[in-house]
Amino acid sequence: MSIFNTILQKLGIERPAAPPAQAAPPAAAEKPMTFTPTAAFHPNQPAPAASTPPAPSMPAASAAPKPAPMAMVDVVSKLDKMASGSPGLDWKVSIVDMLKLLGMDSSLQARKELATELGCPPDLMGGDYSKMNVWLHQTVLQKIAENGGNIPPSLLHKA
């Protein structure tokens, strides 16, 4: 499981399952043409035309079912409640504190893996890791919001 999926799981956010692929309607069974003479066959007369039943009409293709809307998860309340038992951790400004509150590895290596998973620009991932941490915090909050978490707009601004 990816690090970000673990974050979502710990927050109680379930990613919506991909809708099942709708099976194509089965093709109408092709009946072989058969010849059933109704009159005596004479070699000098053309054979009567075989009758073929009309092709069954295909029902209009129905639209794929729409996935159910995601339920909004109160991430702010959950993280604030967790933080109340851990003074000094501020998940609203620190990715390290957020990961610690969730009981996850907050080491530099784990954060680098998460940053890589989420597509962090390479120039932010070396030397001064504070830039990577700021990017990572903003991106994690944004992606939590995209997956059904109620992150307030004030926390989603880009610094």
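As a basis for the values below, the full set of heavy atoms in this structure was taken, side chains included, without hydrogen atoms, waters or symmetry mates.
Considering only heavy atoms from C-beta on, Arg111 comes within 4.5 Å of Leu108 through its side chain. Residues Leu141 and Val75 are not in side-chain contact: their nearest non-hydrogen atoms beyond the backbone lie 4.5 Å or more apart. Ile3 places a side-chain heavy atom less than 4.5 Å from the side chain of Met104. Contact of the Leu79 side chain with the Leu11 side chain is registered, since non-hydrogen atoms from C-beta on lie closer than 4.5 Å. A 4.5 Å side-chain heavy-atom check between Asp97 and Lys92 finds every atom pair outside the cut-off.
A side-chain donor-acceptor contact under 3.5 Å links Thr139 to the backbone of Trp135. Formation of a donor-acceptor pair under 3.5 Å by the His137 side chain with backbone atoms of Trp91 is found in this model. A donor-acceptor pair under 3.5 Å is absent between the side-chain atoms of Glu117 and the main chain of Ser2, judged by distance alone.
Residues Val93 and Leu156 do not share a hydrophobic cluster, defined by chaining ILVMFWY side chains whose heavy atoms lie under 4.5 Å apart.
Annotation: side-chain hydrogen bond (donor to acceptor under 3.5 Å, both in side chains) contacts of Asp128 (sequence neighbours excluded): Ser130.
Here NZ of Lys81 is found 13.5 Å from CG of Leu101. Values are rounded to the nearest 0.5 Å. A distance of 5.0 Å separates CD1 of Ile144 from CD1 of Ile151, quoted to the nearest 0.5 Å. Atom CD1 in Ile7 sits 5.5 Å away from atom CD1 in Ile95 (nearest 0.5 Å). The line from CG of Leu89 to CE of Met82 is 12.0 Å long, rounded to the nearest 0.5 Å. Atom-to-atom distance recorded for Met132:CE and Leu114:CG is 8.5 Å, nearest 0.5 angstrom. We find the CD-CG distance between Gln142 and Leu155 to be 11.0 Å, quoted to the nearest 0.5 Å.
When every heavy atom of Thr116 is checked against every heavy atom of Met125, the shortest pair comes out as OG1-CE, 3.1 Å.
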